[in-house]
Number of protein chains: 2
Amino acid sequence: MTAPRRRGRPGHDQDAVLNAAVRLFNEQGYDATSMFDIAESLGITKSSVYHHISGKEQLLQMAMDRALDGLFEAAEDVREADLPAIERLERLIRLSVLVLAERFEFVTVLLRVRGNTEVEQHALTRRREFDAVVTELVKQAQAEGDVRPDVDPATAARLLLGMVNSLTEWYKPRPGGAEAIADAVSNVAFEGLRM
Amino acid sequence: MTAPRRRGRPGHDQDAVLNAAVRLFNEQGYDATSMFDIAESLGITKSSVYHHISGKEQLLQMAMDRALDGLFEAAEDVREADLPAIERLERLIRLSVLVLAERFEFVTVLLRVRGNTEVEQHALTRRREFDAVVTELVKQAQAEGDVRPDVDPATAARLLLGMVNSLTEWYKPRPGGAEAIADAVSNVAFEGLRM
């Protein structure tokens, strides 16, 4: 797929700036990354970067939105499915793995944010909303008798997402890799390791 | 338990400096924390801090060692147990939850380190060694027919530790809380959520 290119700045559109920024945020940290670093990594001037972007915080927000939008699209997909809660839960966990693999660098940025600014606080609020969707599905699946009753739904949700989110620490994106990890997460979380 | 106090600097021994440093590292980040901040948070002078500590990197190393030593003591405990591999694996995962809860601030420091210096690289190497202990237990438990054969042992180990490590993101230390979380992790990971 080729996007129309801007005159004189081939490929250096907003997306290219965002991708370069996110790579640097993950490599050297958000605080340590300057707009100059981002421009330099693209081989363009700082003023060319400001042509596309208002500043570093906009890039952070865009990165986190890419991650969160993917997760909420998955939640929406699952919400509309006419399936028992446990099936919707399992599907949402699988989709979360796929979103994380596909938007790896964006999710990594999201998960490192500590809520130091308003933009970061807003992202943390959306993360908590997503956690609540997962908790609610665990609760429903318990009510339907499909999830063990001796696990607190909020704790179960956090452990499920803890497994999924740990991918940012060790997963190396590669074709087909995400499906295998989604299977593993699903097997461990829903069936358990024990034979 | 009361430790002998130094003349003129009540309570401001190495441990107090370490605890203050670790709190600041987790609140505002390692890079953003100065030796002056650490001294200030204790209400003492910077030179009093240097009386106990060679510098910020020593504090980082001590913090990471507290976390890692706890995990390796658990591994040692389990290595000596005369039990099937699956029981040793489950015990090690439970103990990891307890270590994390007990040394919460130290483990949080450890898990945020990215390997930017030699001290950080060394800690990452020890983390990988611990991962390998868990992987080996999964492998043994599979060979003994007690763990499902369709999960890659290294992936299973990462998912187990992903659940445990996620505690640094959401667990609020409180008496008895760690035992309940250890039960939940064990139930989800070994028996699975599905009834």
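Small disclaimer: the values here were computed from a predicted structure and weren't measured. A, B, ... follow the sequence lines: proteins, then strands. Residue 1 opens every chain.
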At a heavy-atom separation under 4.5 Å, does I181(B) approach chain A through its side chain, its backbone, both, or neither?
-> side chain
Are L89(B) and L83(B) linked, directly or through other ILVMFWY residues, by side chains that come within less than 4.5 angstrom of each other?
-> no
For the residue pair W170(B) and L159(A), establish whether any side-chain heavy-atom pair is separated by less than 4.5 Å.
-> yes
Under 4.5 Å heavy-atom distance to chain A, tell me which part of R148(B) shows up: side chain, backbone, both or neither.
-> both
With a cut-off of 6.0 Å (strictly less than), are more than 12 heavy atoms of other residues, nucleotides or ligands near CZ of F36(B)?
-> no
Under 4.5 Å to a heavy atom of chain A? For E90(B) that would be side chain
Who in residues 185-195 of chain B is close to chain A, using a strict under-4.5 Å heavy-atom cut-off?
-> V185(B), N187(B), V188(B), A189(B), F190(B), E191(B), G192(B), L193(B), R194(B), M195(B)
Given that the side chain runs from C-beta out, which part of E169(B) has a heavy atom under 4.5 Å from chain A: side chain, backbone, both or neither?
-> side chain
The interface call for R114(A) against chain B, heavy-atom contacts under 4.5 Å, is side chain
E118(B) CD: over 12 foreign heavy atoms closer than 6.0 Å = no
For S166(B) and G162(A) the tightest heavy-atom approach is CB-CA, 3.5 Å
